[in-house]
Q: 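The structure that follows is given in the form of structure tokens.
Proteins get letters first, then strands, A, B, ... in listed order; numbering begins at 1 in each.
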Amino acid sequence: MDPVFIAIQLLNGLQYGLLLFLIASGLTLIFGIMGIINLAHGAMYMIGAYLAYDLTLRTGSFWLALLLAVPIAVVLGLVIERLFLGTLYRRDHLYQVLLTFGLILVLNEAQRIIWGNDVQSVAVPPSLSGNITLTDNLQYPVYRLFVGSVCLLMAGGIYWVIRHTRLGIVIRAGAANRDMVEGLGIDVRTLFTLIFSIGVGLAAFAGMLSAPMTSLYPGMGDNVLITCFVIVVIGGIGSIKGAFLGSLLIGQAATFGPVLLPALASVIIYLIMAAVLIIKPRGLFA
Amino acid sequence: MKLARIRKHTRHLMTAMGLLFLAAFQPLMAQQNREDQATPVRLGLMLPYSGTYAPLGESITNGLKLAIKQNGDQLGGRPVEYVVLDSEADASKAPQNMSRLVKGDKVDVVIGPVHSGVAMGMLKVAKQTGAIMIIPNAGLGAATGQLCMPNVFRTSFSMWQDSYPMGKVAYDRGYRKVVTITWNYAGGKEDIAGFEESFTKAGGEIVKQILVPFPETQFQPYLTDIASIKPDAVYTFFAGAGAVRFVRDYAKLGLKDSVPLLGSGFLTDGNLDAQGEAAEGILTTLHYADGLDSEVDRAFREAYGETYERKLDTYAVQGYDAGMMLAQALDQTQGNSADRDALISALAGVKLNSPRGPVAFSKAHHPIQNIYLRQVKEGRNQVIDVASRALEDPARGCRL
């Protein structure tokens, strides 16, 4: 392969990986700190994308839609945590899996009732609809570069919060030993609500950002969810750093794998997961 | 207080008695119904109503119900009852779902599926039970090829039938080196095989065949790969959400201007609103098109537009023709669906004056029909030529 095209593929993989990180970070936070396997995480990604679609149609501006959709998603997360999850913390994991699985069905059905079965798309905002010419027959859409940058900024922001704020200390402590944190008098209940809302918000935000690059269809979050679980497992449950590196790794694997090893295209990310688990059974950074 | 309790008890007792009453008399009432009017023809709809293919399931259902409505809500003098089942386009659940419809719900005819993988599972059960099945979409060759059987019909197309004519079109337009790309599943592979067969027969060369894991829609790596190969044209098969994303990415990454995109008609059918500007100019071949301008087509479009909000697409025509087919066949058997052999031979003899043009059925129970060359113009799949007239699928491996 031509070095120019290798560079372009690296860029493709980086951008995809960064987007995956936005979704996987929320998943790993919720899983690591609250101990909840949130199967509805992919559905929230879908809801985010459809919110962006709907509000862009209503307001005529993608940016305004983004501004409105983020709080809606966070509030939705808050409501779900307070109304449903809150009653199940003391129970077995299986109850939470059942609940969040049920949420997938409910959210997918709600999506169908509200927005219908048709495939939809969102126009790229005019200010970012340009292209950068890479070769004589290939361009790179500015919007994708923008999404990559936003994801990178978000990653930096999350890292800063976790490393350098009081909330971050509590989150890290919570991931390490939840009972001890509770014993030290920290209000775990509020912390959980916060974490869940933020996690859901991140997934929905990723859905909103990707809406102009992808097509919207019922159940679009289900495939993303599986990829993100792979990332969480690779990175180590609860580790943001692990999720970040795992996302970049999977992003590159999903880009180069199918082109270089077409026969393994559909299993390559699982092979990587298996390899990581053989070497480090608890993930890279757990 | 005592009075209140007695009242409550009485109420409960009354309710219980009411239920007993209903339970006792229900069979009697049902029997009376059966004597009053003919038992309904039970149609089992096994179509996807969720996931990527949900819009297709909805269109087919709309078309089918419209045909039966136009037939006076009856088939051969009997009312019609629908048993609707979401196939979820999930191949692993197909045999079990089909068995449920055939053995549990005891439907007279099963209509489905959309997805070729699901069709494989359904065909197995159709073989075992002899249940009559009309396929209103899934274009896998085997259904009217190696696995053909008397009780299975198709009102749609085969992958081969829709893509084969495009190979010659591509060669005649001067393309010599072509990349083909599709999802790695039976339907996609058969579609590009039809194109590759006629394109290489004409003298063209397939420089690369790309198979994307189904239902992946992350196309950027593949498109970058295509750009590095620089072919004369790209031939593709995608449908639904994947088609929308592929066409948009193809235009967004700037490939559209330098490498013309050809496809099976499913690339653009029902997707033009979501694809928008990115689809303009794409050439496709399919058994239906906009602007056919026949009287039947105009009447169908008008009736569909009055009944449904959804924009009309090819899938609706396939569903509509399944309904028309049943109407004709059951008229001939005078509503008798119990005699399967009679119904099968009536179905096999059906000739449709379909919105897509004349349709007859081959020995393998597959439609013999025109394949149109279409170009996307101003958000329509405008017909520009008949790519192949009254094309019959070769039905390879079928011994009917």
Q: Closer than 3.5 angstrom, by distance alone: can the side chain of R245(B) be matched with the main-chain N or O of S121(A) as a donor-acceptor pair?
A: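 Between the backbone of S121(A) and the side chain of R245(B) there is no qualifying donor-acceptor contact (under 3.5 Å).
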Q: Checking N131(A) against chain B: side chain, backbone, both or neither under 4.5 Å from a heavy atom?
A: side chain
Q: Quick check against the 3.5 Å criterion: does D225(B) have a side-chain atom that pairs as donor or acceptor with the backbone of V259(A)?
A: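 Judged by distance alone, no pair lies under 3.5 Å.
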Q: Relative to chain A, which segment of Y49(B) carries a heavy atom at a distance below 4.5 Å: side chain, backbone, both, or neither?
A: both
Q: Would one find more than 12 heavy atoms of other residues, nucleotides or ligands at under 6.0 Å from atom CZ of R176(B)?
A: yes
Q: With a 4.5 Å cut-off on side-chain heavy atoms, are R248(B) and S215(A) touching?
A: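 In short, these two side chains do not touch, never coming nearer than 4.5 Å.
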Q: Give, for atom OG1 of T217(B) and atom CE of M220(A), the distance between the pair rounded to the nearest 0.5 Å.
A: 8.0 Å
Q: Is R112(A) close to S50(B) at the side-chain level, that is, under 4.5 Å between some pair of heavy atoms?
A: yes
Q: OG1/T224(B) to CG/N12(A) distance, rounded to the nearest 0.5 angstrom?
A: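 T224(B) OG1 to N12(A) CG: 4.0 Å, rounded to 0.5 Å.
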Q: Do D257(B) and Q139(A) have side-chain heavy atoms sitting under 4.5 Å apart?
A: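 The answer is no, as the side chains (C-beta and beyond) never meet within the 4.5 Å cut-off.
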Q: Would you indicate whether the side-chain heavy atoms of Q218(B) and T255(A) approach each other to under 4.5 Å?
A: no
Q: Could you give me the CA-CA distance, side-chain angles and deciding distance for D136(A) and K230(B), then say whether side-chain contact (heavy atoms from CB on, under 4.5 Å) is met?
A: CA-CA 10 Å; D136(A) 53 351; K230(B) 296 195 175 62; 3.2 Å; yes
Q: Specify which of G219(A), A254(A), P258(A) makes the most heavy-atom pairs with chain B at under 4.5 Å.
A: P258(A)
Q: Determine the option with the most heavy-atom pairs under 4.5 angstrom with chain A, choosing from L253(B), L223(B), N271(B).
A: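 Heavy-atom pairs under 4.5 Å are most numerous for L253(B).
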Q: Is there a donor in the side chain of S266(A) and an acceptor in the side chain of N184(B), or the other way round, less than 3.5 Å apart?
A: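 Not at all, the side chains of S266(A) and N184(B) share no donor-acceptor pair under 3.5 Å.
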Q: Pick one of side chain, backbone, both or neither for V122(A), based on which atoms fall under 4.5 Å of a heavy atom in chain B.
A: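 Interface part for V122(A): backbone (N, CA, C, O).
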Q: So which heavy atom on P215(B) is nearest to which on N223(A), and how close?
A: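 Heavy-atom minimum between the residues: CG-ND2, 3.8 Å.
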Q: For the candidates P218(A), G257(A), A123(A), P262(A), which exhibits the highest count of non-hydrogen atom pairs separated by less than 4.5 Å from chain B?
A: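 If we count pairs closer than 4.5 Å to chain B, P218(A) comes out on top.
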Q: Looking at chain B, which one of T214(A), D222(A), N117(A) has the largest number of heavy-atom pairs inside 4.5 Å, strictly under?
A: N117(A)
Q: Report yes or no: does Q9(A) contribute a side-chain atom to a donor-acceptor pair with the main-chain N or O of P221(B) at less than 3.5 Å?
A: yes
Q: Please classify the contact between K256(B) and chain A as side chain, backbone, both or neither, with a heavy-atom cut-off of under 4.5 Å.
A: neither
Q: A quick test of your reading: do over 12 heavy atoms of other residues, nucleotides or ligands sit less than 6.0 Å from CE of M213(A)?
A: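 Correct, the count exceeds 12.
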Q: Considering only NZ, NE, NH1 and NH2 on the basic side and carboxylate oxygens on the acidic side, decide whether K311(B) and D118(A) come within less than 4.0 Å.
A: no
Q: I need the residue from A227(B), G242(B), G254(B) with the largest number of non-hydrogen atom pairs under 4.5 Å to chain A.
A: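 Max contact count across the listed options: A227(B).
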Q: Taking A241(B), P213(B), S258(B), G57(B) one by one, which has the highest count of heavy-atom pairs under 4.5 Å against chain A?
A: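 Ranked by contacts with chain A, first place is A241(B).
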Q: Do Q220(B) and Y140(A) touch side chain to side chain, with heavy atoms closer than 4.5 Å?
A: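 Yes; the side chains approach each other to less than 4.5 Å.
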Q: At a 4.5 Å cut-off on heavy atoms, which part of E109(A) comes close to chain B: side chain, backbone, both, or neither?
A: neither
